[in-house]
Peer 1: 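Structure below; questions to follow.
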Amino acid sequence: MPVEPGVLGSFAEPAAAARAVRALRAGGFADVRVAMPAPFPEVVAAIGKPRSLIDFITFPGAIVGLLCGIALTVGTSLAWPLVTGGKPIVSVPPFVIVIFEVTVLIGSLTNLLAMSAGTWHGGRARFFPAHQKFNADRIGVFAVGGEPARAERLLRESGAEEVGRVG
Amino acid sequence: MTDPSEKALGRRTFLRIAGALGVVAGCSPKAATQKVIPFLVPPDDIVPGTPLYYRTVCRECPAGCGVTARTREGRAVKLEGNPEDPIGRGALCARGQAGIQALYAPDRFKGPMRRGADGRLAPVGWDEAEDALSKALVAAREKGPGAIRMVTRPEPGSAGAFQEAFMRAVGGAAEDRLVLDPFDPAPLRAAGEALFSRTEIPVYDLTRARSIVSFGADFLETWLSPVEYARQLAEGRGRVGEDRTRLTWVSPRLSLTGYSADGWLRARAGGELAVALGLLRWLADPANGVPGLAPEARALFPRLAALDPAELSRRAGVPWAGIERLGRELALRRPSALLGPGQSSQGPDATQLAAVIMLLNVALGNLWQTVYYGLDPQEDPPSPFAEVESLVADMAAGRVQVLLVHHADPAGTLPAALRAGEALGKVPLVVSFGDRPDPTTSRAHLVLPDHHALEAWGDVTPRLGVVNLCQPAMTPLADTRAAGQVLLEVGAKLPFPAAHFPWPDFYDYTQTRAQMYAMVALGKFPDLMAIQRDALQRGGYWSYQLPARKEMPDLLRGAAERFLSLPPSPPPEGGDLDLVVFPTVLRGDGRGADLPWRREVPDTVSSLSWIPWAELSPATARRLGVATGDRVSVTTSAGRAELQAYVYPGLRDDAVALPLGGPEALAVLPPVRDGGSGAIAFRSARAAVARAGRGKPLPILEGSPYQHGREIVRTVSAAAPALRRPDLSHLMYREPEHPTHRWGMAIDLDRCTGCQACVVACFAENNVPVMGPEAASQGRYMGWIRMERYLGDEPGGELEVNLLPMLCQQCTNAPCEPVCPVYATYHTAEGLNAQVYNRCVGTRYCSNNCPYKVRTFNWRDAQFPKPLQMQLNPDVTVRSKGVMEKCTFCVQRIRYAENQARDEGRPVRDGEIVPACAQTCPAQAIAFGDLHDPGSRVSRLAGEKRGFGALEELNTRPAITYLARVREKEEP
Amino acid sequence: MSLSFERLQATVRATHGRPGRGYWILLSLSAALAAWGGWAYSLIVRNGLVLTGLERPGGWGNLITDFVFWVGIAHSGTLISAILFLFRAKFRTAVYRVAEMMTVFAVMTAGLYPIFHLGRPWFAYWLFPYPNERGIWVNFRSPLIWDVFAISTYFIVSTVFLLVGVAPDAAALRDGATGWRRKLYGLLAFGWRGTDEQWRHYTRAYLFFAAFATPLVVSVHSVVSWDFAVSILPGWHSTLFPPYFVAGAILSGVAMVIVILVPLRRWLHLEEIITPHHLDMLSRLVLLTSLIVTYSYSTEILTALGEPASDPERSTFLYRMTGDYAPLFWLMVTCNCVGPALLLSGKVRRSIPAIFAISLLVNVGMWLERFNIVVTSLAHDRLPFDWRVYTPTWVEWAMTFGAFGWFFFWFLVGLKVLPPVSIAEMKEDLAHAAHASGEVAHAG
Amino acid sequence: MRVLPAAAASALAGALALLAACRAPPPPEQPIRFSHRIHAGDNHIGCTSCHGYAERGPVAGIPSMARCQGCHKFVKEDQENPAITAEIKALLQKLEDGTAVEWVRVHRVPDHVFFTHERHVLGGVRCQECHGEVERMEVMRQVSPLTMGWCLECHRRKQAEKPLERARLTDCWTCHK
């Protein structure tokens with residue numbers, strides 16, 4: 001699948017990349033994308049995308065875990081009530097421990113799923129022109145749509161090492 | 001011709017087949033195709049999977065207790081006392097319980113054998129064997145009198161009578177048949193002879209005695225009739241205060257019997273006589289004004305006055321004050337019973353000791369109160385030891401051509417100094433009727449294996465008015481024959497008309513005798529047959545009662561005097577320590593002492609199993625540089641033995657003690673006799689002890705024998721009759737409820753003697769595996785009950801022995817339960833702590849968390865070498881490796897009784913459910929029942945002021961209540 | 001510091017170069033050791049636990065000691081990566097990857113022992129709650145079931161945590177790699193391309209993982225401590241155990257990290273990345289936790305000694321200090337309390353050999369600590385009549401040492417496939433270091 | 001809360017039981033092709049008249065050879081069915097030789113299960129509930145899985161009727177000792 005048409009500039013410095021992003025967005029480029037080896041805060045800030053909404057999947061996941069834990073411990077104990085050590089069939093303190101573990105387990109597994117789902121979109125080939133150096137030591141800024149010429153200029157101005165059109 | 005028992009019980013042969021029907025627990029679960037083989041003709045008294053009981057007699061010792069054999073699908077699986085038998089009254093000792101293992105012993109002879117040219121025993125046909133014997137007898141008879149001899153254990157009944165008849169028939173004199181009992185209490189007989197011209201063993205009724213003094217007589221272990229006397233002592237126990245029977249133990253060593261004593265007079269070995277004389281002197285002394293003293297005794301004082309108290313106390317090794325104290329007690333507490341001598345005190349002056357003790361009984365008026373003559377049936381009493389010696393001499397001199405050995409082991413149970421073994425080698429033909437290898441059969445040329453008592457007919461008369469009947473509980477396992485039957489058949493082959501007996505077979509002989517007994521009871525029943533059937537079902541003919549006081553034997557004139565002087569003290573030679581040899585419950589006289597249970601179960605005193613040991617007092621051990629477990633050599637004038645040492649505070653510093661029942665003790669016994677009776681003087685030698693290096697790890701149970709101030713086993717006294725118990729009212733959880741029953745147990749520590757009968761019974765009932773000496777030394781003993789024996793509070797502190805039979809406490813709040821991850825153990829609705837073997841994965845957490853450490857783990861698969869597996873109880877799973885197990889209160893018995901009750905549509909009766917341990921306890925120290933039922937015996941006991949729970953401060957709420965041992969302060 | 005992205009990546013990739021002879025020798029040694037332990041265990045399966053030195057009352061011994069020890073080791077990883085992540089401790093970056101690898105492999109080791117020590121290990125699956133035809137479940141009141149949950153949860157979560165952290169690095173390495181490595185990193189990178197969209201979710205998710213892992217770490221060793229604490233055995237039954245065990249676990253874990261890092265940085269030429277500063281920081285952690293442990297020891301002992309002479313608890317602690325196992329006890333004190341105390345001096349902390357030696361001893365000491373707790377308490381229970389000394393047999397030792405073989409085998413394999421330091425996070429740090437010092441963070 | 005998991009568990013147990021029943025091995029080949037249909041079915045011979053111990057003990061018992069003889073000394077053949085006659089002849093031969101027929105076992109529970117017929121029969125459980133419609137079986141085969149879940153399912157049902165006095169019905173020690 002072809003990459004969406006746009007202009008790609010590569011930067012060596014997070015600061016420069018950040019500058020470029022800001023310039024492009026100021027220049028009316030709505031869709032500016034970045035690829036970088038590490039989540040450089042200044043760049044992330046420049047892009048200014050809202051915080052991930054993973055919370056709203058992970059947290060319920062944990063709750064589900066909690067409920068599973070309760071169902072498992074209480075339910076199975078009542079399924080065949082055997083008295084041990086004169087303690088009640090549903091003895092809360094020990095169950096809490098197991099419930100906690102189950103909560104953590106299911107919670108973090110949903111977190112994993114949520115993350116995979118979240119990162120899938122940004123990992124598609126057409127989302128960003130593949131270039132290995134962006135996993136290594138360069139930061140790629142990709143302006144989608146708009147006037148390519150303006151994009152190139154803005155990128156150069158903000159100190160891109162290379163600039164090229166894609167798609 | 002076939003064995004009569006088979007003819008009489010032909011039906012039983014089918015039971016073997018029935019065995020295939022019952023799903024026998026223990027065999028590996030295979031889904032593979034199994035065959036089910038039906039009966040040809042169904043036996044009318046058998047329902048597969050349900051028990052069938054036969055009454056018979058225990059032949060492990062001469063006491064002759066009646067037993068009930070429980071059989072399943074035609075194989076005996078458990079022995080229990082016969083409740084109707086006046087001797088045992090339903091109880092059985094440890095040895096009796098283990099008797100069944102002799103039946104299934106893997107090394108039991110499969111059939112008759114003959115020693116070939118190569119010196120090895122080879123199987124041979126019965127006819128051939130009997131021919132050989134008869135020919136030999138004919139030849140031997142030519143050699144004149146005394147060429148044919150017989151050695152037998154006491155056989156007070158058909159077997160004995162028939163042997164006598166046989167020996168007469170082959171032209172033998174009465175003394176050609178020798179009755180051998182290594183523990184023969186001959187001195188008692190001799191003393192009776194001398195004092196009252198009654199050559200009898202006295203019979204005691206300890207129930208009425210308020211004070212008992214035993215001069216080394218282990219009447220709770222092996223002496224005369226231990227089960228009976230344990231019960232009688234127990235009847236005087238279990239109450240606080242005046243009317244509780246006091247027991248004083250006079251001996252250099254605190255034995256198991258001594259553990260039940262309230263006072264221990266540490267007389268030096270041989271000092272018992274001095275103590276007895278001292279007592280007699282003090283009592284007879286008019287200055288002490290003892291009331292109601294028999295005039296005969298008073299008359300003796302002039303002679304007694306000659307005895308110097310200082311000398312007496314020196315020879316006794318105890319302060320005169322101690323003797324006076326005891327005298328005062330005896331003067332106050334009437335009637336009393338003075339017992340002795342026993343093996344450990346049977347020295348060169350045993351008869352004098354026996355006589356003085358009897359004089360004390362006379363003086364205190366105990367005769368016909370607690371001590372009785374006229375009850376010894378005098379059936380087949382052991383022969384005087386002189387005859388044993390002359391037989392050995394004759395054998396050594398080659399004057400004996402044929403020696404018939406019947407369940408006696410001269411080579412293995414007599415002091416080595418007698419050289420009986422060598423002498424046997426000089427006999428051309430030694431014929432053994434023994435059914436298992438022992439030192440004598442290993443020297444036999446012809447082995448004609450006898451039935452086990454559980455396979456044979458017969459009768460035993462242990463007491464006047466007591467005839468206990470033997471009947472087969474199962475078909476013989478091997479090609480064995482009743483010894484009497486063999487003699488009968490051999491007789492028929494002999495050319496002497498006298499030897500052609502009128503009876504078609506031995507069974508008929510026993511029946512003709514049975515009729516004789518039946519006559520007595522005639523009138524109560526329409527006909528003899530009915531009487532005999534009834535007697536067979538109940539187990540015997542009993543008209544036993546203590547004789548009324550009238551036939552009083554008066555003291556022979558001048559008989560007493562010659563016993564009243566101290567014999568010269570023996571020269572201190574052979575070593576610096578007195579040698580004390582003592583019998584133990586489990587080892588007995590050595591016959592059958594190799595049976596797995598008898599070796600696996602630890603001796604209560606030393607907590608050692610499997611091996612013999614040498615006891616030394618801590619001080620002596622320190623002096624010799626010996627620690628528990630070291631090898632020591634014990635040397636006397638007679639010989640040398642090397643054993644591992646056990647340091648034991650319950651022994652005088654001037655003594656070393658060895659258990660009887662094995663070659664070690666016999667090796668060091670010098671050939672000394674009791675002057676009066678000629679009996680073996682077990683107590684005569686002095687021994688030198690030296691360290692001989694480090695020993696292998698001991699197969700010992702005890703970790704620390706001290707309570708370290710923890711008040712685990714508690715005691716009460718008249719001063720403080722009630723126990724302070726922790727307040728456990730503040731509970732975190734509601735106690736689980738028990739809708740139907742709450743099974744519980746009460747164990748009276750004031751009655752418990754630590755005799756280990758319960759332990760062996762548990763092994764038998766619950767398929768508890770025997771793991772061997774290595775396992776024992778590694779702490780992997782599998783017994784569900786263990787006898788915890790504490791010697792006091794701190795090492796070196798005051799010696800106060802407390803026993804605590806420890807088994808699963810069936811806690812209400814059991815710490816073992818919540819820690820099991822898989823619910824393999826939990827609390828049942830009837831208050832039991834269930835252990836489900838097939839669910840257990842073996843984390844061992846339950847055992848770690850059990851404060852009583854009563855759970856045993858199967859470290860490896862248990863071995864039940866054939867045919868021992870036939871003894872396994874089909875109602876109990878045989879546990880596999882990796883599984884935790886423990887006492888279940890014999891749940892299979894609980895369920896059986898509940899099932900019976902359901903069938904009869906009635907509630908379970910109190911006392912109907914009896915766990916194996918409670919059932920066999922001679923002292924009846926264990927009570928079991930429903931704690932919900934306020935009327936039940938266990939509820940009453942559990943409510944007693946002496947009651948306490950083990951480690952109850954942990955709030956485990958045990959279902960077992962221990963009743964504290966009563967410890968009275970020494971009376972002023 | 002003048003370490004460029006290039007150099008960094010090169011260094012890391014260099015660790016994955018052709019293994020030398022030394023590597024192969026180590027690897028085969030570990031494998032052999034593991035095999036030996038395995039063989040020993042097969043003997044137990046065939047003959048039963050009769051081959052161990054266990055008895056009554058000593059139901060637990062080496063195997064349980066090993067279990068607790070390895071769970072302890074497993075703690076460093078998540079502590080360093082998760083907790084320090086939340087605390088934004090900078091020195092974490094360089095070392096946490098090794099720590100995490102250690103964690104995963106240590107849990108893999110620890111998890112074996114609960115199965116090994118069973119009497120009937122073939123029924124180990126009964127410890128997991130699964131619907132079964134018998135209609136019987138597991139007893140959630142049993143600490144051993146808490147273990148099952150805690151350990152398996154911990155294993156899963158820390159594995160996920162490790163792999164998630166690896167993803168970006170895998171992407172970076174993938175591009176340079178060839179053959180099976182390329183495939184492998186492709187897999188581990190699971191479509192990582194480092195776009196802002198991905199980082200947006202990734203960073204957030206990573207935070208949550210850290211947030212989950214942190215209480216988990218604390219819970220896991222608390223649960224392990226409850227195996228003992230909830231029992232009624234004198235010497236086990238103690239409310240002090242959870243914090244005491246967690247501290248001990250961290251102590252042993254961090255010590256193990258040091259023991260591994262010191263040779264590793266030399267061997268893999270990571271001196272530039274894992275600097276003495278990092279080791280200093282780690283040894284401070286050792287010092288801190290050792291102090292907590294020391295405090296716990298003294299509290300335990302002092303409270304016990306306060307009891308009357310007849311008190312079993314007191315007796316047990318006296319037994320530890322003076323009884324059959326006393327030498328082990330004092331050795332333990334030397335290793336866990338005296339040794340780390342030296343780290344108070346900066347000079348010692350700066351001397352890498354010293355740190356190494358001390359950490360090594362701490363590991364010995366921590367094993368002994370568990371042995372002391374497990375064995376002495378059992379050997380000296382409430383009924384003196386049952387007291388008995390437990391001594392491990394060669395079979396148990398084989399399984400104890402075999403575990404090290406097993407652990408190091410996986411660790412060595414892991415080193416060759418996973419980046420031993422987090423490249424991405426290092427880059428982030430570098431960039432800012434560079435930014436701060438105004439130089440350009442790349443070889444121009 | 002109580003019913004849900006219990007239901008789940010027993011449902012699963014049921015499913016597995018069914019499974020077990022399905023894959024139950026084919027009825028084993030018996031030395032003599034004895035037909036329960038003819039005996040119990042056509043001739044209406046009651047179960048316990050041959051399996052005599054069922055009401056008295058744990059084991060129901062295989063009828064003794066004498067029991068077979070009881071009838072077959074009269075019933076020596078079947079005119080219309082020679083095949084049956086052959087089987088009877090085989091039995092009569094055995095009786096003549098005084099040897100027992102070695103039947104192949106059909107029903108079996110593991111050794112750690114202590115099952116007793118008596119309690120069940122006296123408790124009013126019909127033989128067919130566990131052994132199936134035996135009177136219709138030409139060849140004896142196992143119809144019930146005889147697994148723990150299967151036993152338990154019935155025990156639970158019965159216990160629900162009288163929870164208090166039947167508390168023991170779900171006690172492990174009822175079947176495992």
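Naming: A, B, ... by sequence-line order, numbering from 1 per chain. Hydrogens, waters and symmetry mates play no part in the numbers below; they use all other heavy atoms, side chains included.
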Peer 1: Verify the neighbour count for atom OH of Tyr896(B): are there more than 12 heavy atoms of other residues, nucleotides or ligands below 6.0 Å?
Peer 2: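 Result for OH/Tyr896(B): enclosed.
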Peer 1: Identify the two heavy atoms, one from Tyr733(B) and one from Gly86(A), that lie closest to each other, and give their separation to 0.1 Å.
Peer 2: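 The pair with the smallest heavy-atom distance is CB-O, 3.7 Å.
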Peer 1: Out of Arg734(B), Met732(B), His827(B), return the one with the most heavy atom pairs under 4.5 angstrom to chain A.
Peer 2: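 Most pairs with chain A among the choices: His827(B).
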Peer 1: Between Thr956(B) and chain A, with a heavy-atom cut-off of 4.5 Å, which part of the residue counts as in contact: side chain, backbone, both or neither?
Peer 2: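 Neither part, no heavy atoms under 4.5 Å.
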Peer 1: Minimum heavy-atom separation for Gly85(A) and Glu817(B), please, with both atom names.
Peer 2: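 Minimum heavy-atom separation between Gly85(A) and Glu817(B): N-OE1, 2.5 Å.
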Peer 1: Do Tyr823(B) and Thr84(A) have side-chain heavy atoms sitting under 4.5 Å apart?
Peer 2: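 SC-SC contact between Tyr823(B) and Thr84(A) confirmed.
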Peer 1: Flag yes if more than 12 heavy atoms outside Glu735(B) fall under 6.0 Å of its CD atom; otherwise flag no.
Peer 2: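 Check passes, neighbour count above 12.
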Peer 1: Taking only residues two or more places apart in sequence, or in another chain, which ones meet Asp55(A) in a salt bridge (Lys or Arg N to Asp or Glu O under 4.0 Å)?
Peer 2: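 Listed in chain order: Arg51(A), Arg204(C).
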Peer 1: Search all heavy atoms of Val83(A) against all heavy atoms of Pro736(B) and return the closest pair with its distance.
Peer 2: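 Closest pair (atom of Val83(A), atom of Pro736(B), distance): CG1-CB, 4.0 Å.
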Peer 1: What residues, two or more places apart in sequence or in another chain, satisfy side-chain hydrogen bond (donor to acceptor under 3.5 Å, both in side chains) together with Arg909(B)?
Peer 2: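 If we apply the side-chain hydrogen bond (donor to acceptor under 3.5 Å, both in side chains) test to Arg909(B), skipping adjacent residues, there are no hits.
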